[in-house]
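Only heavy atoms go into these numbers, but all of them, side chains included; no hydrogens, no water, no symmetry mates. The residues of the chain are indexed from 1 along the displayed sequence.
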Amino acid sequence: MSTEDRPPAPRSLAEALRARGDASLGALLRSRPDLITPVPTDLTQLATRAGTRASVVRALERLDRFALQTAEALAVAADPATYGELLGLMAGDDADPAVVAALPHAVGLLREQALVWGGDDRLRLVRTARELLAPSPQHPSPTGLGPTVQEATAGMSPGRIQEIVAAAGLASTHDSVSAVSALTGLFTDRARMATLLADAPADSLDVLERLVWGPPYGQVTADPAPRLRWLLDRGLLLPTAPGTVVLPREVALHLRRGLAHRAPEPVPPVVEAAAVHRPQVVDSTAAGQAYTALATVEELLKDWDEGGPAVLRAGGLSVRDLKRTAVALDVPEPTAAFWVELAYAAGLLASDGEADERYAATPAYDEWLEQPPAERWSRLVTAWLAATRTAGLVGGRDAKDRTLSALGPGLDRSAAPEVRHRVLALLAGLPEGAAPATGSVLARLRWERPLRGDRGEDDLRGRLAEWALSEAELLGVTGRGALSTQGRALLGAPAAPAPGPEAEPSGPGDKLPVHHHHRATPLAPLSPAEQAVASAAAARLLAPLLPEPLDHVLLQADLTAVAPGPLQRPLADMLGVLADVESKGGATVYRFTPGSVRRALDAGQAASDLHAFLAAHSRTPVPQPLTYLIDDVARRHGHLRVGAASAYVRCDDDAVLSEILADKRAAGLGLRRLAPTVLAAQADPAGLLEGLRAMGFAPAAESAEGDVLITRALAHRTPPRTPPEPVPDGPPVPDDILLAAALRAIRAGDLASTTPRKPGAAPAADGELPRTGAAETLATMQAAVLTGEALWIGYVNAEGAASQRVIAPIRVEGGFVTAYDHTADEVRTYPLHRITGVAELADDEG
């Protein structure tokens, strides 16, 4: 392309954006969604918003380390800088080939993010980014470089500048500007600087070595030592304030051999595989963990079935209730907090909203119980992936030094879903069955988002990553540290890369002798619809790996039953009423006691029902001691009956009633004899039942018709509840429909604001609406209907908001103009009295 054919260089970021295609603008708006919240009116407003401090900080935080280093180098380069100058700062005099190869991508990324604009001959970092990254005494540059010679000598007297020029061996000049320019030329000339430093005392060079990589500032006394005086005389150190000197940027770059950074990092750290296991072992281990996860959540909510712990006044679980839950689940307290938070995130657990507020299962929990195990697991892991509530923070302190409690406020961290997804994506990039070294995962994450360590929270992203690895193992997304097949499907990831011959371990858990250098292809987070499809696929892969529920137990003579595996739900529910769980593990042991048998009888079961149930579901004969236990408890069960009279007790054996009346423990019940076989009580029926049971009797409640009532307490449920909404990490990424509409609106608004007007037709200044009289406006509109030309108008809507538009009038009648509005991309009707003015557009010369 000849120089005449080359498009003119953009003079501003707005012009650079105007030259972009829709695909490039769409990529910008996807990567920086805050730019279309709300949709800008035109590209000038978009460029202005892209340069605001909040938006630039957010964009910088999403850069990887090398792209950030590139931006930092541009901040200390000339403005504008050429690509060659930037390459010199990044690759140094030795032209590091890795940097040379990676720099075009980094510059392209900065351009795409609208942090850099201009061609390779005039690269400009947006002003706000330069202010944030350029060195200053208050905010040192990450490069460790100080101010330039020109900046450092800005307040220096002309005489002193001439003294420095002379001491450096340069000819004196007539003005300070040329003197500073000559000094800068000396410091940027490698050969002349080498000659100058060759005469430097050794201890003076030691001073430079201490300052060269930053910080570049040092302290001096009023009478500097000879080694410092030699440097100050030649401008190799320049005073910035009384008692403070600085190493000029040009001198530091010479000593660094041109490098802006001590250690450029063009290549991301490799995620190393610490061990490799057979894929079948990984999948079976993960499936076992998945089944344990389901059992743990079910056990948690069954424990809270009749109403769980009370809600603290400030919200959340008390420390004591969390400890009690951990003991009940037989897990450490941090793990118990994770399961509680997971059930809450999945919508299975919430507060009941009563006056005496307590936590309880939701109606959704009952629906969840009816689903197949693999689908129940899928619901848990899908909720985990998207949740911003972070169980790992429980027990820590918030900004006001208050303890963070499980289910309480202050646990949301918007970065959590992204970190979880990224950690699993890095695992998906390893060969099948490979478990990563945790340190290498953390190093990779730090490289990918160096500014997002949340300085006030002690590297929150690192802690989130460690929690993600442990939680994925608890849930069965990973097995033995490696991503399982169902975990890979959960991400929508392709099949794993095959391990190379050097990666084969000698045993299932052996360390790899050679690190994998496979670089994972970044997996984008899935949309809700895509995630639903991926979760269903993961559930299908998991289903055949889960153990089949059993329909039998093994009864033993010591009044125990052994369940050699998971039980079918009706069997597990009934056995949970009839017996107490004594131990869990590969096999669950249940123990029958008088209290547990009485519990089953209270639930409405007859002794014959219990005998038949045990005979039907035991692979061993029903032991005689168990038969005797059931019959003995049943013989005394229901001997006394309690009803509401306020309450009453009746019994065919008046001697038993006499025994109750004589018992001192019955004093609080307010009993009196109404008939030989009936006692009346002041206590309510429930209190009377409890009192008689405490005295050693086994009463049964009865209805008004005299029938025995089933006294099993109904499961306590909250009203319908929705799961907690994740706290978004900034504005959501726009979908394709919103993005297309936003681009159309921005382009149309830009057309209205930049379309050339005919000379003299619209005297309005830039940004002002055109002004014409009513007669001229009407005449111009009518003429445009005949010619089909487009017009530029100013319009004020009913709310008083002014805008400028490009329209093609179709019809003018009754005080209204109907026109195709290029700005809105649709036909609209405008009242003529709301049009401030009209102007004809210049002919299209292109």
Side-chain angles (χ1 to χ4, degrees), residues 302-310 324 352 354-361 573-580 591-611 613 628-718:
K302 189 180 293 183
D303 190 48
W304 294 6
D305 211 30
E306 298 176 21
R324 191 178 295 128
D352 59 11
E354 301 290 341
D356 179 22
E357 197 171 15
R358 310 186 77 80
Y359 289 107
D573 289 344
M574 183 59 200
L575 203 56
V577 175
L578 180 56
D580 298 322
R591 179 163 294 281
F592 300 94
T593 65
S596 69
V597 173
R598 187 180 301 117
R599 186 169 63 226
L601 295 172
D602 286 344
Q605 300 291 328
S608 58
D609 297 332
L610 300 181
H611 290 309
F613 168 78
Y628 288 163
L629 174 64
I630 294 171
D631 290 340
D632 185 52
V633 175
R635 191 177 303 112
R636 295 183 293 116
H637 186 268
H639 195 46
L640 299 179
R641 297 191 173 193
V642 174
S646 200
Y648 64 83
V649 183
R650 69 182 181 87
C651 180
D652 295 336
D653 189 347
D654 57 353
V656 174
L657 297 184
S658 298
E659 180 185 345
I660 292 172
L661 282 172
D663 196 318
K664 292 180 180 179
R665 292 174 292 177
L669 300 177
L671 294 170
R672 58 191 176 90
R673 192 185 290 271
L674 294 182
T677 58
V678 180
L679 298 179
Q682 294 178 359
D684 60 77
L688 187 52
L689 280 169
E690 285 297 321
L692 292 174
R693 284 173 180 158
M695 294 163 62
F697 297 97
E702 72 176 15
S703 67
E705 293 77 24
D707 298 326
V708 176
L709 290 173
I710 296 174
T711 60
R712 177 173 53 183
L714 293 175
H716 181 59
R717 293 289 181 265
T718 70

Between [X] and [Y], what is the shortest heavy-atom contact and its length?
X: L629; Y: P594; result: CD1-CG, 3.9 Å
X: V577; Y: A600; result: CG1-CA, 3.7 Å
X: A647; Y: P685; result: CB-N, 3.8 Å
X: G696; Y: R636; result: O-NH1, 4.3 Å

> Backbone N or O of G308 within a donor-acceptor pair of the R358 side chain at under 3.5 Å?
Replying inline: yes
> Quick one: does R598's side chain have a donor or acceptor within less than 3.5 Å of a partner on L601's backbone?
Replying inline: no
> Considering residues at least two apart in sequence or located in another chain, which fulfil the salt bridge (Lys or Arg N to Asp or Glu O under 4.0 Å) criterion with D609?
Replying inline: none
Would you compute the distance between atom [atom1] of [X] and atom [atom2] of [Y] and round it to the nearest 0.5 angstrom?
X: I660; Y: L692; atom1: CD1; atom2: CG; answer: 5.0 Å
X: R693; Y: L688; atom1: CZ; atom2: CG; answer: 10.0 Å
X: S658; Y: D663; atom1: OG; atom2: CG; answer: 12.5 Å
X: Q682; Y: L671; atom1: CD; atom2: CG; answer: 9.0 Å
X: M574; Y: L610; atom1: CE; atom2: CG; answer: 5.0 Å

> So, do L575 and F592 sit near enough that their side-chain heavy atoms are less than 4.5 Å apart?
Replying inline: yes
> Taking the side chain as C-beta and beyond, is there a heavy-atom pair between V678 and V649 under 4.5 Å?
Replying inline: no
>> Using side-chain contact (heavy atoms from CB on, under 4.5 Å), reason through L578 and V597 one step at a time and then give a plain yes or no.
In response: CA-CA 5 Å; L578 180 56; V597 173; 4.3 Å; yes
> Less than 4.0 Å between a side-chain N and a carboxylate O, is that true for D602 and R599?
Replying inline: no
> With sequence neighbours excluded, what pairs up with R672 under the side chain to side chain donor-acceptor pair (under 3.5 Å) test?
Replying inline: none
